[in-house]
Amino acid sequence: MCGIVGYIGDKKVAPILINGLKKLEYRGYDSSGVAIFGDNNLDVIKCKGRLSILESKVLENMPSGTMGIGHTRWATHGEPNDVNSHPHISNSGKIAVVHNGIIENYLKLKEFLQSQGYDFKSDTDTEVVAHLVEYHYKGNLIEAVIESINEIEGSYALGVICSDCPTEFIAARKDSPLIVGLGKGENFIASDIPAILEYTREIYILEDKEIVHLTKDDVKVYNIHGAEVKKEIFNVTWDVSSAEKSGYEHFMMKEMFEEPKVIKDTISPRIENDKIVLDNVSISKEDLDNIDKIYIVACGTAYHAGVVGKYIIEKLARIPVEIDIASEFRYRDPLISDRNLVIIISQSGETLDTLVALKESKKRGAKILSIVNVVGSSIARESENVLYTWAGPEISVASTKAYNAQLAALYLIAFDFAYKKGRLDEATYKSCIKELKSLPSKTEEVLANKEIIQKFASQHYNAKSIFFIGRGLDYALSMEGSLKLKEISYIHSEAYAGGELKHGTIALIEKGTLVICPVTQDDLVDKMISNIREVKARGAVVMAITQKKNKDMEKTADVVINIPDIDPLVAPVIAVTPLQLFAYYMAVEKGCDVDKPRNLAKSVTVE
Ligand code: F6R
């Protein structure tokens with residue numbers, strides 16, 4: 001996720017910016033840059049790659065200014081390269097902008113600004129902000145920023161400086177984090193506390209649509225209407241390591257708490273006037289009519305997202321879907337032709353088996369659509385259509401928020417394909433979109449219930465073997481729940497389709513065996529209740545995850561984790577969170593290294 005640092009004061013700003021950016025490296029980045037005011041103009045230094053490259057460029061030609069902004073970029077719009085790196089500069093060279101977030105209406109704004117003679121140099125959404133601020137700038141920088149953000153749709157944390165205004169800079173935020181650090185004769189902005197902790201422990205935490213005017217001696221915060229807002233000072237007591245995790249004990253927990261945001265970031269830029277518009281994807285109705293079968297290919301957690309994808313694409317678009325593990329697919333001489341669409345799913349975009357499966361499919365003439373989290377990664381570069389998940393960098397080895405974002409992307413694809421194929425009438429299509437929009441707030445409700453799961457885990461962390469049982473989409477979820485538990489708590493576990501129990505597995509159920517049952521599919525609730533009764537009759541302890549409306553579950557399972565009432569079709573997006581929390585708390589109780597489980601790597605670039 002992009003990182004922002006800004007400083008205004010009496011000290012040389014370059015080392016402060018570099019130092020602050022180093023403290024934000026944990027957020028993940030692919031390029032970095034600084035803009036520093038000195039000698040009546042802005043010095044901009046930026047480049048692709050490690051921060052050490054930027055540092056040596058800055059040291060070579062150390063700007064002497066005492067005000068500036070710095071940025072580490074995690075690419076969203078436009079691949080990682082020098083030009084796309086931030087800061088972005090307006091055409092006159094007067095305005096410099098750093099940004100974290102996604103400007104959803106950037107194409108519309110870009111067209112308008114081009115019609116006003118502005119020349120664009122990068123592929124980013126951010127560059128529109130630099131030109132827009134310049135367009136509105138009539139000598140008052142804060143007014144220009146307020147006018148600009150009134151026209152911007154999407155999420156942003158912004159730092160804006162102007163060479164006409166060497167004693168002030170402006171920052172603003174909506175749906176992307178930004179804090180202000182309060183010093184003596186100096187002030188700061190940053191995406192996150194670690195960047196400024198060395199200089200001050202007094203901060204303002206900005207709320208959505210707040211705009212800040214900073215000078216070296218003063219900080220004023222305004223709302224979007226220009227009225228001043230009185231802020232309370234927050235005194236930071238955390239050390240740097242907990243500050244990196246925003247106070248959470250582990251990155252995994254921090255990332256689970258980012259799920260509402262990543263779901264929103266993945267969905268909302270793709271909904272325009274109540275219609276799904278998939279950027280970077282050109283698959284028309286005619287293309288879909290020419291497709292006999294879709295293959296979904298991925299590994300691990302991404303594969304489990306694909307299993308949900310199979311169910312929903314088949315159910316909604318009525319196109320046959322085969323789901324494959326990449327390492328199997330690549331060696332089984334798959335029956336792929338130009339009448340197939342291959343959907344590749346990968347968080348890192350670098351998983352070797354998945355990449356080779358993609359290349360193999362391409363060679364055989366298939367159309368490719370990839371769901372990828374890392375812009376410019378190998379899989380993204382190889383794919384003719386890429387739907388990015390906007391989950392930001394995932395640091396914990398066990399994938400959580402990226403899975404939710406993959407599901408969100410798959411729902412967009414399923415609804416879009418079904419609509420194009422004429423399988424969804426207008427009213428159903430609209431209600432599907434409404435359900436998608438409700439997912440972030442419903443995920444927040446799920447996260448708020450974490451203590452019940454924590455308590456259950458504290459009572460059962462010594463379990464030797466745990467079963468996950470579900471039907472339909474809940475079976476797909478069970479696979480992911482089981483993997484999460486295994487990888488971070490090292491407890492053996494298996495996922496079974498409810499109907500398979502009787503065909504062998506039930507022999508393993510004995511007194512005290514833990515069984516976890518997601519039960520979110522209305523038409524299968526009764527079947528699952530029977531399964532739960534069967535295992536309970538043999539002594540199992542059952543934790544069920546179900547919608548609030550399924551009151552009978554209280555009488556059936558030992559512990560019930562309620563999720564908000566939700567259309568069963570989209571339930572996996574929110575019902576996976578209790579499973580992730582369960583795995584997390586089991587691992588914590590066992591004293592495991594949650595973020596770095598043994599034997600595992602975040603990106604598997606070998607066979
Ligand atoms: C599990 C996990 C892995 C990955 C798998 C694929 O928590 O993270 O199972 O899902 O290695 O990785 P990507 O999605 O990067 O291709």
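All ligand and atom numbering here is 1-based and tracks the order in the structure. Being a predicted model, the structure only gives us computed values, none of them experimental.
The ligand atoms of ligand 1 that sit less than 4.0 angstrom from a heavy atom of Ala302 are 10 (O), 14 (O). Residue contact check: Ser348 has heavy atoms under 4.0 Å from atoms 13 (P), 15 (O), 16 (O) of ligand 1. Remark: ligand 1 atoms within the under-4.0 Å shell around heavy atoms of Glu487 are 1 (C), 7 (O). Close contacts of ligand 1 with Ala398, meaning ligand atoms under 4.0 Å from a residue heavy atom, involve 7 (O).
Taking 4.5 Å as the limit, every side-chain heavy atom of His304 sits out of range of all side-chain heavy atoms of Leu477.
Closest approach of Pro393 and Gly28 over heavy atoms only: CG-CA, 3.9 Å.
Between His86 and His99, the two ring planes are parallel [angle under 30°; tilted spans 30° to 60°]. Phe415 and Tyr411 have tilted rings, their planes meeting at an angle from 30° to 60° on a 0 to 90° scale.
For atom 11 (O) of ligand 1, the closest non-hydrogen atom on the protein side is Val604 CG2, 4.1 Å. The protein heavy atom nearest to atom 12 (O) of ligand 1 is Thr351 OG1, 3.4 Å. The protein heavy-atom contact nearest to atom 6 (C) of ligand 1 is Cys299 O, 3.4 Å. Here the heavy atom of the protein found nearest to atom 2 (C) of ligand 1 is Thr301 OG1, 3.7 Å. Ranking the protein heavy atoms by distance from atom 14 (O) of ligand 1 puts Gln347 N, 2.6 Å first.
Contacts between Lys484 and ligand 1 below 4.0 angstrom, taking non-hydrogen atoms only, involve the side chain exclusively. Contacts of Asn373 with ligand 1, taken as heavy-atom pairs under 4.0 Å, are absent altogether.
Assignment of Val397 to the shell around ligand 1 is supported, since a heavy atom sits closer than 4.0 Å.
Distance alone, capped at 3.5 Å, is enough to place a donor-acceptor pair between the Lys442 side chain and the Asp565 backbone. Here the side chain of Asp30 pairs no donor or acceptor atom with the backbone of Pro80 at under 3.5 angstrom.
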Check: residues 582-591 side-chain donor-acceptor pairs under 3.5 Å, at least two apart:
residue, atom, partner, partner atom, Å
Tyr584, OH, His250, ND1, 2.8
Lys590, NZ, Ser489, O, 3.0

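Within the structure, side chain to side chain donor-acceptor pair (under 3.5 Å) contacts touching residues 359-384 (residues at least two apart or in different chains) are Asp333-Arg364, Gln347-Asn373, Glu350-Ser378, Glu360-Arg364, Lys362-Glu382, Ser370-Ser383, Asn373-Thr389.
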